[in-house]
Structure formats: structure tokens, C-alpha cells
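Below is one structure, written out as C-alpha cells; comments come after it.
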Amino acid sequence: GAPADLTDTALNASRALNNRAVTSATNTVEGVIPGVTLTLKKKDPLTEVTIGVQRDVAGAKTAVNKFITAYNDLVKFSKDQSTAALAGNANIARDPVFQGLRSALGDALRAAYPSGGSFNALGKIGLGFDTTGQLKLDTTVFESALTSAVTDVQGLFSGTARAGGPFGTLEWLGDQRPH
């Protein structure tokens, strides 16, 4: 046959999700279920597919613990610099940029943020400071918050620079520092 006989007309992928019609120019669908990307593999209008989605509490704890470790490393570095200063060794303990950074980070992590709804501060979801200034996670409180009001937890964590939670504030702080 002629080359024209070997072509197919491209069609948008369409499907019903929870009895709602959804159309996409590709087989990848995002935004229908928050945080979930669907990849459609086969057309079969007579087959109903059930998709189960669960919260990744362990993944959330891992991400928060990575941040805690990074912050606590900064606190330790600051204390090491103060110790070096007391011993008369080279240090940056009194450097105003360093002192300002540490202070701004702590303030951002202690502040209240309306974007979190019922959890308007990190302390309310189990992320707080101990008496030594180290950041700690109370996993029981954190898991309870994720179970009872995940949208509020997401609202607290999410945001853009200057708004939307402590991490939006931290992003804004990073943008203000000399590069």
C-alpha cells in the first residue's frame, strides 16, 4: 500500500476516573489524583481498574529526618566554632553572616504559619527543639498528624519562597544570601 495507509490518526487518551471524564494528549495523566501520576498502558473500555493509593508515612519520616540531620549538623558546627573561639583557634563563630543564618533558620522553624491549618507550627506535628538546640522528631505525634489531617501537614510543609510554611521561608532566606 501507499505510505498514507501506514499511518494512524493520533487520539487523545480518555478515561473515566470516579465517574469523571478525563482526557489527556498523552498516556501519562497527572493532577487527577493529587500526588499520583497514572500511566495508561492499554485500551479496554470494558475493563474496570481499581487503583489503591496509600500515604507513604515512612517516606515522609525519612525526608523529615534528613532535614533534621542537616540542621543538627549546622548546630554542631556552630558549637564547634564557639569552642574553637574559646580556645583561641581560627573560627567563624562571630561572623555576622553565619550568626544571622543560624538565627534566621531557627526563627523560621519556630514560627507559626497559617498555611498549615490546624497544624500551624512544626511543633504541632512533632518537630521541635530539645534543650541543647537540636531538632528532634516525635514520630508518634508526626504519624498522628499525617493520619488525622494530612492536608494540613502538606500545607504546613509546602509553599513557595516567602510564603506557605517554614520551607518556603527557608527558600526565601536562601535567595537573600549572596551567591
Side-chain angles (χ1 to χ4, degrees), residues 17-18 20 28-39 49-86 91-177:
L17 293 171
N18 290 336
R20 191 174 110 210
T28 302
V29 181
E30 296 177 354
V32 176
I33 303 169
V36 175
T37 299
L38 302 172
T39 303
V49 176
T50 302
I51 300 170
V53 179
Q54 297 177 335
R55 288 186 187 103
D56 186 3
V57 174
K61 285 192 297 190
T62 297
V64 168
N65 280 318
K66 284 181 181 179
F67 176 76
I68 289 171
T69 298
Y71 180 83
N72 289 341
D73 286 348
L74 177 69
V75 170
K76 182 182 180 316
F77 176 75
S78 177
K79 288 181 180 179
D80 290 347
Q81 292 302 301
S82 294
T83 301
L86 290 172
N91 67 83
I92 63 165
R94 294 177 195 229
D95 180 279
V97 173
F98 179 68
Q99 287 179 345
L101 172 64
R102 180 165 177 211
S103 177
L105 285 171
D107 290 348
L109 297 176
R110 288 179 183 91
Y113 298 94
S115 62
S118 62
F119 300 123
N120 64 351
L122 291 174
K124 291 188 177 183
I125 63 166
L127 188 59
F129 296 91
D130 67 13
T131 57
T132 67
Q134 295 279 307
L135 202 51
K136 301 286 182 190
L137 180 65
D138 182 327
T139 57
T140 302
V141 173
F142 185 69
E143 289 174 9
S144 175
L146 283 176
T147 301
S148 67
V150 70
T151 303
D152 286 353
V153 175
Q154 289 170 330
L156 178 61
F157 280 127
S158 67
T160 58
R162 300 183 192 222
F167 297 101
T169 301
L170 294 177
E171 179 183 348
W172 179 79
L173 287 171
D175 290 344
Q176 304 312 301
R177 300 289 174 209

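Only this structure's heavy atoms are used, side chains among them; waters, hydrogens and symmetry mates stay out.
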| query | Rounded to the nearest 0.5 Å, what separation is found between the CG atom of Asp152 and the CG atom of Asn120? | reply | 9.5 Å

| request: With rounding to the nearest 0.5 Å, note down the distance linking CG in Asp73 to CG in Leu135. | output: 11.5 Å

| Minimum-distance pair of heavy atoms, taken over all atoms of Lys136 and Asp130 | CE-OD2, 3.0 Å

| query | To the nearest 0.5 Å, how far apart are CG in Leu137 and NZ in Lys61? | reply | 8.0 Å

| query | So, do Ile92 and Phe77 sit near enough that their side-chain heavy atoms are less than 4.5 Å apart? | reply | yes

| request: State, to 0.1 Å, how close Asn91 and Ala84 come at their nearest heavy-atom pair, and which atoms those are. | output: CB-CB, 3.9 Å

| request: For the pair Ser103 (side chain) and Gln99 (backbone), establish whether a donor and an acceptor sit closer than 3.5 Å, ignoring hydrogens and angles. | output: no

| query | Rounded to the nearest 0.5 Å, how far does OG1 of Thr132 lie from CG of Asn72? | reply | 7.5 Å

| request: Please report the C-alpha distance between Asp56 and Thr62 in whole Å, then the side-chain angles of each, then the deciding distance to 0.1 Å, and finally whether the side chain to side chain contact (heavy atoms under 4.5 Å, CB included) criterion is met. | output: CA-CA 10 Å; Asp56 186 3; Thr62 297; over 6 Å; no

| field | 4.5 Å side-chain heavy-atom contact, Leu74 and Phe98 | value | yes

| said: Using a 3.5 Å distance criterion without hydrogens, assess whether the side chain of Tyr113 forms a donor-acceptor pair with backbone atoms of Ala108. | reply: yes

| What pair of heavy atoms forms the shortest contact from Ala145 to Ile125, and how long is it? | CB-CG2, 3.8 Å

| said: Tell me whether Lys76 at atom NZ has more than 12 heavy atoms from other residues, nucleotides or ligands lying less than 6.0 Å away. | reply: no

| task | Considering non-hydrogen atoms only, spot the tightest contact between Ala149 and Ser118 and give its length. | result | CB-OG, 4.3 Å

| field | Closest contact, heavy atoms only, Arg102 versus Ser78 | value | NH1-OG, 2.9 Å

| remark: One should read off an interatomic distance between Ser144 OG and Phe119 CZ, to the nearest 0.5 angstrom, of 6.5 Å

| task | Measure the shortest side-chain to side-chain distance between Leu146 and Phe142 over non-hydrogen atoms and say whether it is less than 4.5 angstrom. | result | yes

| request: Please examine the side chains of Phe67 and Leu109, heavy atoms only from C-beta on, and report whether any two atoms are closer than 4.5 Å. | output: yes

| task | Give the C-alpha distance, both sets of side-chain angles, the deciding distance and a yes or no for side chain to side chain contact (heavy atoms under 4.5 Å, CB included) between Gln81 and Asp95. | result | CA-CA 10 Å; Gln81 292 302 301; Asp95 180 279; over 6 Å; no

